[in-house]
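Lettering follows sequence order; numbering is per chain, from 1. Source: prediction; values computed, not measured.
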Amino acid sequence: MPAPDPEALLAWYDIHRRRLPWRAEAGRRADPYHVFLSEIMLQQTTVKAVVPYFDAFLRRWPTVAHLADAPLEEVLSAWAGLGYYARARNLHACAKAVVARHGGRFPANEVLLLDLPGIGPYTAAAIAAIAFNLPASPVDGNIERVVTRLHAVEEALPKAKPRIRALAAELVPPRRPGDHAQAMMDLGATICTPKSPACALCPFSAPCRARAEGTMLRYPVKTKKAAKPERAAIAFLAVRADGAVLLRTRPDKGLLAKMTEVPATPWSASEGAIPADPARHAPVKAQWRALPGAVRHVFTHFALELSVWRADLPAGTPAPDGARFVLPRDFDAEALPSLMRKVLAHGGANRPPKRS
DNA sequence: TATACGTGGTC
DNA sequence: TGACCAAGTAT
């Protein structure tokens with residue numbers, strides 16, 4: 001079994017590298033802010049989902065200083081729909097920290113990068129390698145897959161992480177470490193894929209143990225995840241005659257923190273355990289009627305079944321404390337997560353009221 | 001070390 | 001259709 005040749009990977013990369021909005025042309029160094037922004041967005045998120053958000057953020061906040069000066073509410077509304085909202089809060093905090101600690105320039109130093117909010121071991125190494133061409137070794141899901149197959153690592157994730165990191169670091173060449181990191185990720189994303197690896201096209205085919213044994217799909221070995229519990233609740237859609245919908249901001253911590261929501265009963269831990277008197281939780285006293293069907297939304301660690309109750313209120317109805325009426329035309333300025341967009345659509349509140 | 005934390009696409 | 005997956009981090 002020959003040793004994997006990083007030069008063969010770089011040669012493959014020079015031909016097959018993906019063109020992505022945050023990447024520089026071949027041979028150029030990418031803007032650290034672009035790398036930072038894309039790396040945060042790409043955490044547990046597909047390239048396809050990220051591209052429009054990356055473009056929108058860059059248009060709106062062209063530099064890290066612009067982002068640092070933005071109100072958090074605007075950053076959250078621009079992030080709405082991308083998920084994992086702690087990333088948006090940390091992105092903003094990180095921009096402020098880069099301005100305050102480093103004069104608005106990202107440090108070319110993995111340790112200093114790691115000390116910034118929202119930047120963990122992967123992202124610090126990725127920025128160091130990609131933006132500054134430092135010999136850092138970022139290990140993401142792609143690289144875990146490539147490395148575990150290359151070495152037929154039997155140990156299961158996440159316990160195998162230290163071992164995988166060491167094996168990945170061995171591969172980093174002294175020449176073009178930034179391109180090496182991106183090449184490893186491109187290889188994992190386009191050749192060494194989870195379900196149907198294209199081994200015939202892989203520059204690491206010869207040195208790959210899994211390939212030799214025909215056991216590519218076995219790796220990476222992962223420990224089984226626990227089943228998702230179900231939760232249920234009732235969302236209260238109060239719609240004023242002018243079409244405005246009653247919304248409020250969620251608490252500062254926890255799920256969907258600081259995001260906009262449709263008022264609802266507590267999300268009960270067990271199915272069918274909706275409070276006996278749901279109307280007690282309604283944000284205003286009104287004629288509530290249950291809408292047919294429900295909104296189902298699957299989070300990372302539980303699934304939610306939201307029934308929707310709707311009440312139509314007279315024009316001029318004031319919002320109760322802690323809530324506000326928002327016109328559909330202003331929804332884009334709200335930090336509305338996908339779940340809440342679904343609720344609004346289910347209740348027909350995402351479009352102007354019918355003229356009568 | 002285990003758990004919380006979103007969303008949309010795939011097979 | 002219900003898992004599983006996608007450039008992880010914070011606690």
TODO: State, yes or no, whether a side-chain contact exists between Leu9(A) and Met184(A) at a heavy-atom distance under 4.5 Å.
DONE: yes
TODO: Take Asp115(A) and Arg101(A) through the test salt bridge (charged side-chain N to carboxylate O under 4.0 Å, His left out) and record every step on the way to the result.
DONE: CA-CA 11 Å; Asp115(A) 198 38; Arg101(A) 298 180 200 173; 3.5 Å; yes
Open item on the list: Rounding to an integer number of Å, can you tell me how far His301(A) NE2 sits from dG2(C) P?
Closed with: 20 Å
Open item on the list: I need the minimum non-hydrogen distance between Arg248(A) and Ala264(A), along with the two atoms involved.
Closed with: NH2-N, 3.6 Å
Open item on the list: Measuring only between side-chain heavy atoms, which start at C-beta, is Leu134(A) closer than 4.5 Å to Pro177(A)?
Closed with: no
TODO: Quickly work out the Leu116(A) CG to dT9(C) C1' distance and round it to whole Å.
DONE: 13 Å
Task: Atom of Phe204(A), atom of Val146(A) and distance for their closest heavy-atom approach - done: CD1-CG1, 4.4 Å
Task: Gln44(A) side chain reached by Tyr84(A) side chain, heavy atoms, under 4.5 Å - done: yes
- [ ] Provide, to the nearest angstrom, the distance between the CD1 atom belonging to Ile143(A) and the P atom belonging to dC5(C).
- [x] 18 Å
Open item on the list: For chain A and DNA chain B, what are the first and last nucleotides along the strand, 5' to 3', with at least one atom under 4.0 angstrom from a heavy atom of the protein chain?
Closed with: dA4(B) to dG8(B)
Open item on the list: Need one value for Pro117(A): base, sugar-phosphate or nothing, where a base atom within 4.0 Å counts as base even if backbone is also close, heavy atoms only.
Closed with: sugar-phosphate
- [ ] Could you identify which residues of residues 37-68 of chain A place a heavy atom less than 4.0 Å from some atom of DNA chain C, listed by residue number, or say none?
- [x] Glu39(A), Leu42(A), Gln43(A), Gln44(A), Thr46(A), Val47(A)
Open item on the list: From CG of Leu217(A) over to C1' of dC4(C), roughly how many Å is that when rounded to an integer?
Closed with: 13 Å
TODO: Return each pair, listed once, that meets ring pair (Phe, Tyr, Trp, His ring centres under 6.0 Å) where at least one residue sits in residues 92-128 of chain A; pairs must be two or more places apart or across chains.
DONE: Phe36(A)-Phe106(A)
Open item on the list: Restricting to non-hydrogen atoms, name the atom on Ala349(A) and the atom on Val239(A) that form the minimum distance, rounded to 0.1 Å.
Closed with: CB-CG2, 4.2 Å
Task: Gap between atoms CZ and C1', on Arg87(A) and dG8(C) respectively (whole Å) - done: 9 Å
Task: Euclidean distance for P, dA4(B) against dA6(C) (whole angstrom) - done: 22 Å
- [ ] Could you walk me through whether Phe236(A) and Ile234(A) pass side chain to side chain contact (heavy atoms under 4.5 Å, CB included), step by step?
- [x] CA-CA 7 Å; Phe236(A) 297 101; Ile234(A) 296 171; 4.0 Å; yes
Open item on the list: For the P atoms, the ones on dC4(C) and on dT3(B), what distance do you get once it is rounded to whole angstrom?
Closed with: 16 Å
Task: Distance, rounded to the nearest Å, where Lys224(A) contributes NZ and dC5(C) contributes C1' - done: 14 Å
- [ ] Please report, rounded to the nearest Å, how far the C1' atom of dT1(C) is from the NZ atom of Lys228(A).
- [x] 13 Å
TODO: Quick one: label Trp22(A) by what it contacts on the DNA or RNA (base, sugar-phosphate, nothing), any heavy atom closer than 4.0 Å.
DONE: base
Open item on the list: By the 4.0 Å heavy-atom rule, please label Gly254(A) as base, sugar-phosphate, or nothing.
Closed with: sugar-phosphate
- [ ] List for me each residue that meets side-chain contact (heavy atoms from CB on, under 4.5 Å) alongside His16(A), sequence neighbours excluded, and say none if there are none.
- [x] Trp12(A)
Task: Smallest separation among heavy atoms of Arg87(A) and Met41(A), with atom names - done: NH1-O, 2.8 Å
TODO: Assign the ring pair His297(A) / Phe299(A) to parallel, tilted or perpendicular, where the plane angle (0 to 90°) is split at 30° and 60°.
DONE: perpendicular
TODO: Could you tell me whether the side chains of Arg324(A) and Thr249(A) share a donor-acceptor contact shorter than 3.5 Å?
DONE: yes
Task: Rounded distance in Å between the P positions of dG8(B) and dT9(C) - done: 22 Å
Task: Side-chain H-bond candidate by donor/acceptor type, Tyr219(A) with Glu154(A), under 3.5 Å - done: yes
Task: Check: Phe54(A) ring centroid to Trp22(A) ring centroid under 6.0 Å - done: yes
Task: Near-strand residues of residues 336-350 of chain A, defined as heavy-atom separation under 4.0 angstrom from DNA chain B - done: Pro337(A), Ser338(A), Leu339(A)
Open item on the list: At 4.0 Å (heavy atoms only), tell me whether Leu20(A) reaches a base, stays on the sugar-phosphate, or touches nothing.
Closed with: base
Open item on the list: What residues from residues 147-177 of chain A pass a heavy-atom cutoff of under 4.0 Å to DNA chain B?
Closed with: none
Task: Interatomic distance where CD1 belongs to Ile119(A) and C1' belongs to dA10(C) [whole Å] - done: 14 Å
Open item on the list: By nearest atom, which of the nucleotides dA6(C), dC5(C), dG8(C) is closest to the Tyr84(A) side chain?
Closed with: dG8(C)
